[in-house]
Amino acid sequence: MTGLTHAFEWTGTSADPNDEQFGHVVERAALADADRYDAVIVGEPYDGAVIGRPGAREGPAAVRSALAGTKTHHLDAGPVGDVADLGDVDVPTGESVADVQDAIGETTAAVHDTDALPVFLGGDNSLTVPNVAPLLDESVGVVNFDAHFDCRAVDGQPSSGTPYRQLHEAGLDAYAVVGARHFENSTAYADYVRERGEVVTAEEVGDDPVEAVDTALDAMADVDSVYVGVDLDVLDAAAAPGVSAPTPGGLSTRELFRSLRLVASGARRATADAGGPRDRVAGFEVVECAPPLESGDRTARAGARAVAHFLAAAAGGGR
């Protein structure tokens, strides 16, 4: 198993003692202590599989920095719970993408074995494979906020465009992509996803985010666990220019944040075959934040707020 290395010092940016920020409350912790927390952050600084422009290896540090200055209080759900940072995965160098996925997967499996909710900060979208693969021993589905389907066939080495093909071939039980963009996906890949899951377009989210999320959650009805992913290129290019493939027509930040709260709280509600409410949320990721590809920190700030909104709902269930 590859190690976890701490490189980020959590400090708040406000001098007001009433301004509780993530930088004030997130604790650095070892993997062995993860059970003490509601959620744990794990950085994955890797972009060796990206299709397009690299830069996402700098995403974990940038999202942490933006999150450190973010206040912890959600107006409906209240403050987030106890959160720890386990550090960055020690990514192997000079290895193939497949070998990197395998190595990181050993660490993510150990994180999933704890009682804490994993929050993975990428890194490119190829990391979704090691983030989800340890869950495939049981029934699991993924709700993926993404402009793209990322289900290309693996031709030689995996890439940031192949994770959901890899996961389906490994036994993924359910899949819904939310925020898919017109003119961004090939017909063959659209057909592939529609045969195996649900497609909710960016326009459908804009028309009615509640109905859009309910459609995605309906696709998760028969699984025991739900993993939620955010590729920041799901946002409109004006809101997230620092991604490998920014394009117009995406979600607004407000649409994304509300949708994430709806998914997190919806996945926790009772299912038809359960005797009461149960928490099916198995993990969360934010990937493809590439700070070198923009002037400023809009994308990192959007990624940090996505984490905050998801944690508020996953911990408190506010809709």
Side-chain angles (χ1 to χ4, degrees), residues 1-11 22-23 26-37 39-51 53-68 83-136 157-160 162-163 166-167 170 227 229-232 242 244 282-293 300 303-304 307:
M1 181 178 76
T2 187
L4 288 160
T5 303
H6 285 288
F8 185 80
E9 295 289 342
W10 287 88
T11 57
F22 279 86
V26 175
E27 299 180 5
R28 286 170 45 153
L31 179 61
D33 297 321
D35 290 340
R36 295 169 40 201
Y37 300 91
V40 291
I41 295 169
V42 176
E44 298 174 320
Y46 176 72
D47 60 7
V50 72
I51 296 176
R53 304 180 299 164
R57 71 181 62 195
E58 298 183 28
V63 174
R64 281 189 178 100
S65 181
L67 186 60
V83 182
D85 186 353
L86 301 185
D88 283 347
V89 176
D90 188 10
V91 179
T93 58
E95 302 288 341
S96 69
V97 176
D99 287 341
V100 169
Q101 288 179 331
D102 289 343
I104 292 178
E106 294 179 10
T107 300
T108 59
V111 175
H112 281 298
D113 282 342
T114 71
D115 291 332
L117 172 69
V119 176
F120 299 108
L121 305 180
D124 70 47
N125 219 153
S126 71
L127 301 169
T128 302
V129 173
N131 293 346
V132 177
L135 302 171
L136 296 176
Q157 283 294 317
S159 72
S160 62
T162 66
Q166 292 177 261
L167 289 172
Y227 183 91
V230 175
D231 181 333
L232 287 168
S244 179
F284 178 64
E285 71 180 21
V286 173
V287 299
E288 297 288 354
C289 175
L293 301 183
V307 172

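Positions are given from 1, in the same order as the sequence printed here.
Side-chain atoms of Tyr227 and Leu135, non-hydrogen and from C-beta on, do get closer than 4.5 Å to each other. Within the 4.5 Å cutoff, no side-chain heavy atoms of Asp124 are placed close to those of Ser244. A 4.5 Å side-chain heavy-atom check between Leu121 and Val42 finds every atom pair outside the cut-off. Annotation: side chain of Val287 is not in contact with side chain of Leu232 (no heavy-atom distance under 4.5 Å). Using a 4.5 Å heavy-atom cutoff, the side chains of Val40 and Glu27 are not in contact.
Summarising the geometry of Pro60 relative to Gly122, their closest heavy-atom pair is CD-O, 3.4 Å, with the distance given to 0.1 Å. Contact record, Pro118 with Val111: CB-CG1, 3.8 Å, taken as the closest heavy-atom pair. The shortest heavy-atom contact between Val63 and Gly303 is CG1-C, 4.1 Å. Closest of all the heavy-atom pairs between Gly87 and Asp85 is N-OD1, 2.8 Å. Nearest heavy-atom pair across Pro158 and Val97 is O-CG1, 3.6 Å. Of all the heavy atoms in Ala290 and Ala56, the pair that sits closest is CB-N, 3.7 Å.
For the pair Ser160 (side chain) and Ile51 (backbone), a donor-acceptor distance under 3.5 Å is present. Checked by atom type and distance alone, the side chain of His112 never pairs as donor or acceptor with a backbone atom of Ala133 at under 3.5 Å. Between the side chain of Gln101 and the main chain of Val129, no donor-acceptor pair closer than 3.5 Å is present. At least one donor-acceptor pair under 3.5 Å links the side chain of Thr108 to the backbone N or O of Pro130. In terms of modelled atom types and a separation under 3.5 Å, the side chain of His6 and the main chain of Ala30 share no donor-acceptor contact. In terms of modelled atom types and a separation under 3.5 Å, the side chain of Asp47 and the main chain of Gly55 share a donor-acceptor contact. With Asn131 contributing its side chain and Leu127 its backbone, the two residues share a donor-acceptor pair below 3.5 Å.
For the residue pair Glu288 / Asn125, no side-chain donor-acceptor distance below 3.5 Å is found, with atom types taken as modelled.
Taken to the nearest 0.5 Å, the OG1 atom of Thr128 stands 8.0 Å off from the CG atom of Asp231. Here the CD atom belonging to Glu58 is positioned 9.0 Å from the CG atom belonging to Leu293, to the nearest 0.5 angstrom. Distance check: Trp10 CH2 to Ser65 OG gives 9.0 Å after rounding to the nearest 0.5 Å. Between the CG atom of Asp35 and the CG atom of Asp115 there is a distance of 4.5 Å, given to the nearest 0.5 Å. Atom CD1 of Ile104 sits about 10.0 Å away from atom CG of Asp102, to the nearest 0.5 Å. With rounding to the nearest 0.5 angstrom, the CZ atom of Phe8 is 7.5 Å from the CZ atom of Arg64.
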Query raised in the report: Given the rule in the side-chain contact (heavy atoms from CB on, under 4.5 Å) test, do Val307 and Val286 qualify, once you have shown the distances and angles that lead to the verdict?
Result: CA-CA 8 Å; Val307 172; Val286 173; 3.9 Å; yes
Query - side-chain contact (heavy atoms from CB on, under 4.5 Å) between Ile41 and Phe120, worked out - result: CA-CA 6 Å; Ile41 295 169; Phe120 299 108; over 6 Å; no
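A salt bridge is defined here as a Lys NZ or Arg NE, NH1 or NH2 lying under 4.0 Å from an Asp or Glu carboxylate O, and Arg28 with Glu9 meets this definition.
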